[in-house]
Colleague: 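Dropping a structure here in structure tokens format, bear with me for questions.
A, B, ... follow the sequence lines: proteins, then strands. Residue 1 opens every chain.
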Protein chains: 2
Amino acid sequence: MGNDEFLKLDNQLCFVLYACSRGLIRTYRPLLADLDITYPQYLVMLVLWEQDGVSVKALGDRLFLDSGTLTPLLKRMASSGLIARKRSATDERRVNIFLTAKGKALKQRAYAVPQTLLCHSGLTAEAFMGLKSDLESLLARIRTFDPEKDVCAGVSAAPSSRKQS
Amino acid sequence: MGNDEFLKLDNQLCFVLYACSRGLIRTYRPLLADLDITYPQYLVMLVLWEQDGVSVKALGDRLFLDSGTLTPLLKRMASSGLIARKRSATDERRVNIFLTAKGKALKQRAYAVPQTLLCHSGLTAEAFMGLKSDLESLLARIRTFDPEKDVCAGVSAAPSSRKQS
DNA sequence: CATTATTTAATTGTGCACAACTATTAATTG
DNA sequence: CAATTAATAGTTGTGCACAATTAAATAATG
């Protein structure tokens, strides 16, 4: 009976994380609409403003997105004139992404975005940093988790069914 | 120049939230695949296991999803035999969602999911509760934010351009 | 009671996410 | 150097998200 507690929606960390993520992105939406970009496109711009000319692969590693997501997204950004996609001369497999003048210029209008968001979040700088740090730890943990040596496999099974190596 | 710090990817709370949310859902995926459901479908099941027969509207209020997302999702769940969609007799606008026998039975196999996830997250019960609580506060704040009385509007503009009522 | 406004779901269209697969190029190895 | 393997993008197909619109039913109002 006490097991039912674990299945209640309000006891799910993942749900509040999922709801928070979508809620924050919803808060960004009108600000980014002024810049004519979506939230994932904004993330691509953040990477490019730090380092122009990165490959699709490097972008994917940074944003945890694969080519199935990035290829069409980058094509949309190219057709709206923010970036240019250029096949690498030294490695023909690579496609490098470069900011256009329009893409570089957009940065000026983006400076206001993070500060407006911080204000909307109602967080102090300390709370902001603390929460970000906690989430970074969680992210690192779930991304390095190795299913091969899964300590959790039998965690909710009957004790007798646990397989010890 | 110091403004550039605010536009760095690694300084974005929303990005780590977005990455964490997708990372956790990725961790759920193989477990839920065993139950033949996706993560959003799992959330619907959590609501229905708590309260059978809710309307699409009530589901949407609970999960922060609209009919554009829920209608096709619920149709898929109906065709896979987990739920039944029934037009309400007392209010013909409403569609109420009921668990089938198969849907009710699935709960037994779902008990293991939250505990496996908790283990994968590597969080203590205290850290889990603390993080969930912090995210709930943030969610409440951004969901009740009223753009009409936006204190943040001029937050990054020049001080002289601030409009006081 | 007829009209208007509101509520509720469904529909349409766009843009992600991601798994599975293909094609091309580069690196490795016998 | 030829054959194999690995790396990189692209393609295809499915399932969300969400804005905007439509349609139907109910509630509110003059």
Colleague: Taking the nucleotide of DNA chain D with the closest heavy atom to each, which residue, A:R85 or A:G23, is nearer the 5' end?
Modeller: A:R85
Colleague: Within residues 42-61 of chain A, which residues have any heavy atom lying less than 4.0 Å from an atom of DNA chain D?
Modeller: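 DNA chain D contact set from residues 42-61 of chain A: A:S55, A:V56, A:K57.
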Colleague: Please compare A:Q41 and A:A89 by the position of their nearest nucleotide in DNA chain C and report the one closer to 5'.
Modeller: A:Q41
Colleague: Quick one: salt bridge (Lys or Arg N to Asp or Glu O under 4.0 Å) pairs with a partner in residues 93-107 of chain B, sequence neighbours left out?
Modeller: A:D4-B:K107, B:D91-B:R93, B:D91-B:R94
Colleague: Write down the atom of A:Q12, the atom of B:Y28, and the distance for their closest heavy-atom approach.
Modeller: OE1-OH, 3.7 Å
Colleague: From the 5' end of DNA chain C to its 3' end, which nucleotides mark the outer limits of contact with chain A, defined by a 4.0 Å heavy-atom distance cut-off (strictly under)?
Modeller: C:dG15 to C:dA26
Colleague: Roughly how far apart are B:I25 CD1 and B:L32 CG, rounded to 0.5 Å?
Modeller: 9.5 Å
Colleague: Can you run down the salt bridge (Lys or Arg N to Asp or Glu O under 4.0 Å) pairs that involve residues 123-134 of chain B, sequence neighbours left out, and say none if there aren't any?
Modeller: B:K132-B:E136
Colleague: From A:K57 NZ over to A:D66 CG, what is the distance, rounded to the nearest 0.5 angstrom?
Modeller: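 Spacing of NZ (A:K57) from CG (A:D66) equals 11.0 Å.
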Colleague: Kindly compute the distance separating CG (B:L48) from CG (B:L99), expressed to the nearest 0.5 Å.
Modeller: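 It comes to 4.5 Å.
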Colleague: Rounded to the nearest 0.5 Å, what's the gap from CG on B:N96 to OG on B:S88? Could you check?
Modeller: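 Going from the CG atom of B:N96 to the OG atom of B:S88 covers 5.0 Å.
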Colleague: Both B:T71 and A:P40 contact DNA chain C. Taking the nearest nucleotide for each, which residue is further toward the 5' end?
Modeller: B:T71
Colleague: Compare all side-chain heavy atoms of B:L138 with those of B:L13 and state whether any distance is below 4.5 angstrom.
Modeller: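 In short, these two side chains touch, coming nearer than 4.5 Å.
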Colleague: With sequence neighbours excluded, tell me which residues meet side-chain hydrogen bond (donor to acceptor under 3.5 Å, both in side chains) with B:T100.
Modeller: none
Colleague: Please produce a list of atom pairs where a protein N or O lies less than 3.5 Å from an N or O of nucleotides 19-25 of chain D.
Modeller:
{"from": "D:dA19", "atom 1": "OP1", "to": "A:R29", "atom 2": "NH1", "distance (Å)": "3.0"}

Colleague: How long is the span from the OH atom in A:Y18 to the CG atom in B:L43, to the nearest 0.5 Å?
Modeller: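 Answer rounded to 0.5 Å: 6.0 Å.
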Colleague: How far does CG of A:L9 sit from OH of B:Y42, to the nearest 0.5 angstrom?
Modeller: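 That separation rounds to 9.5 Å.
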Colleague: May I ask which nucleotide in the shown strands pairs with D:dT5, Watson-Crick or G-U wobble, both distances under 3.5 Å?
Modeller: C:dA26
Colleague: Of B:P72 and A:R94, whose nearest nucleotide on DNA chain D comes first from the 5' end?
Modeller: A:R94
